Amino acid sequence: MTAVLLLLGLMTAATSQAQATPQRLTGNATICSNSPIPAGWVITSSYSTGSCTGTSYLYTISDASTLTNATVCSYSPIPTNWVITSGYNSGICANTSYVYTITKLTTQANVTVCSYSPVPKGWVITGAYNSGICTGTSYLYTLANTANLTYVTVCSYSPVPTGWVITSAYSTGSCTSAGYVYTLAKLTTQTNATVCSFSPIPAGWVISGSYNTGSCADSGFGYYIRKV
């Protein structure tokens, strides 16, 4: 009797553990369009169906962790560290006429993307120009990875990475739809710096004074900042 009870206990524990840790989907799957999309997955096609209560569409989804490039519906989630490199008309996605070509960022230092592409953390927009390869927009952006940089010139609508400041700004024609570029500097071992008045102030830094300057377009003055 004791042996039987022990065996039943072990079987129950094993069953509970299996239920608590379900197997992760990999590869491809077909789901109803009102179902959540797993993190890191993309929608590669969709079509009408009568098999999903509450919606009339099915999505074909793929696990992007095994891919470096993919073609996705324009309403697909874009995984972290992926960018949109082109867009064009297609009939493979119900409820939209666009699909996107997306690329995973791995060892690249620079990449050209559609202007509606997400800009991954640590990347900046260094240029913009007209192009017809992205349906839905007439602009392309050139992105640069700041991981190995300490200074970079970016378009005024570029994100500014954490720990970086704007040290100057001037007029330019290298960024379509923007009249200015910013010079960014990475704060590393510095304890003092001068920045434009519209620069982000990194955590742990304070403004200790201000001054008039002609090197920060559209502002007219800058800040002295120091590390606390």
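Please read all numbers here as calculations on a predicted model, not as lab measurements.
Interatomic distance, Y180 OH to C196 SG, rounded to the nearest 0.5 Å: 12.0 Å. Atom CG of L67 and atom OG of S62 lie 6.5 Å apart (nearest 0.5 Å).
Residues meeting the ring pair (Phe, Tyr, Trp, His ring centres under 6.0 Å) test with Y151, sequence neighbours left out: none. For S131, there are no side-chain hydrogen bond (donor to acceptor under 3.5 Å, both in side chains) partners, not counting sequence neighbours. Judged as a side chain to side chain contact (heavy atoms under 4.5 Å, CB included), and not counting sequence neighbours, the contacts of Y116 are I84, Y100, C114, C134, T137.
Clustering ILVMFWY residues whenever any of their side-chain heavy atoms sit less than 4.5 angstrom apart, transitively, puts W82 in a cluster other than the one holding V119. Note: the hydrophobic cluster containing Y75 also contains W41 (ILVMFWY, side chain heavy atoms under 4.5 Å, direct or indirect links). Residues V42 and I61 do not share a hydrophobic cluster, defined by chaining ILVMFWY side chains whose heavy atoms lie under 4.5 Å apart. A continuous path of hydrophobic side-chain contacts links V124 to I166 [ILVMFWY only; heavy atoms under 4.5 Å]. Hydrophobic clustering (ILVMFWY, side-chain heavy atoms < 4.5 Å, transitive): I78 and V113 are in distinct clusters.
Summarising the geometry of Y47 relative to T30, their closest heavy-atom pair is OH-CG2, 3.8 Å, with the distance given to 0.1 Å. Pairing each heavy atom of A147 with each of K186, the nearest pair is O-NZ, 4.5 Å. Considering every non-hydrogen atom in both K227 and Q190, the closest pair reads CD-O, 4.2 Å. Contact between T49 and S51 at its shortest, heavy atoms only, is OG1-OG, 2.7 Å. Nearest approach of Y141 to A128, heavy atoms of both residues: CD2-CB, 3.6 Å. Smallest separation of non-hydrogen atoms from P77 and P79: O-CD, 3.7 Å.
Counting heavy atoms from C-beta on, the side chains of S46 and C93 come closer than 4.5 Å. When side chains are defined from C-beta on, W123 counts as touching L105, because their heavy atoms get closer than 4.5 Å. Inter-residue side-chain proximity for T44 and Y59 is flagged as unmet; no heavy-atom pair is nearer than 4.5 Å. Contact annotation: the side chain of P202 never approaches that of T162 to less than 4.5 Å [non-hydrogen atoms, C-beta and beyond]. The shortest distance between side-chain heavy atoms of V228 and W205 does not fall below 4.5 Å. Taking 4.5 Å as the limit, every side-chain heavy atom of T153 sits out of range of all side-chain heavy atoms of L184. At a threshold of 4.5 Å between non-hydrogen side-chain atoms, the residues P159 and I125 count as touching. Proximity of T71 to Y88: side-chain heavy atoms (C-beta onward) are separated by under 4.5 Å at one or more points.
For the side chain to side chain donor-acceptor pair (under 3.5 Å) with N69, the qualifying choice from T101, T85, T103 is T103, the only one to do so.
When the shell of 6.0 Å around CG of N130 is examined, it contains more than 12 heavy atoms from other residues, nucleotides or ligands.
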Test log, rule side-chain contact (heavy atoms from CB on, under 4.5 Å), inputs V206 and I225: CA-CA 5 Å; V206 296; I225 64 172; over 6 Å; no
Check against side-chain contact (heavy atoms from CB on, under 4.5 Å), S199 and Y223: CA-CA 9 Å; S199 173; Y223 291 153; over 6 Å; no
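Without hydrogens or angle criteria, T126 side chain to T142 main chain gives a donor-acceptor distance under 3.5 Å. Panel note: side chain T167, backbone V195; no donor-acceptor pair is recorded below 3.5 Å. One N or O on the side chain of T146 and one on the backbone of G122 form a donor-acceptor pair closer than 3.5 Å. Side chain of S115 to main chain of L140: no donor-acceptor pair is present (N/O by atom type, distance under 3.5 Å, no hydrogens or angles). With S97 contributing its side chain and N89 its backbone, the two residues share no donor-acceptor pair below 3.5 Å.
The aromatic ring centroids of Y211 and Y224 lie less than 6.0 Å from each other. Ring pair Y182/F198: centre-to-centre distance below 6.0 Å.
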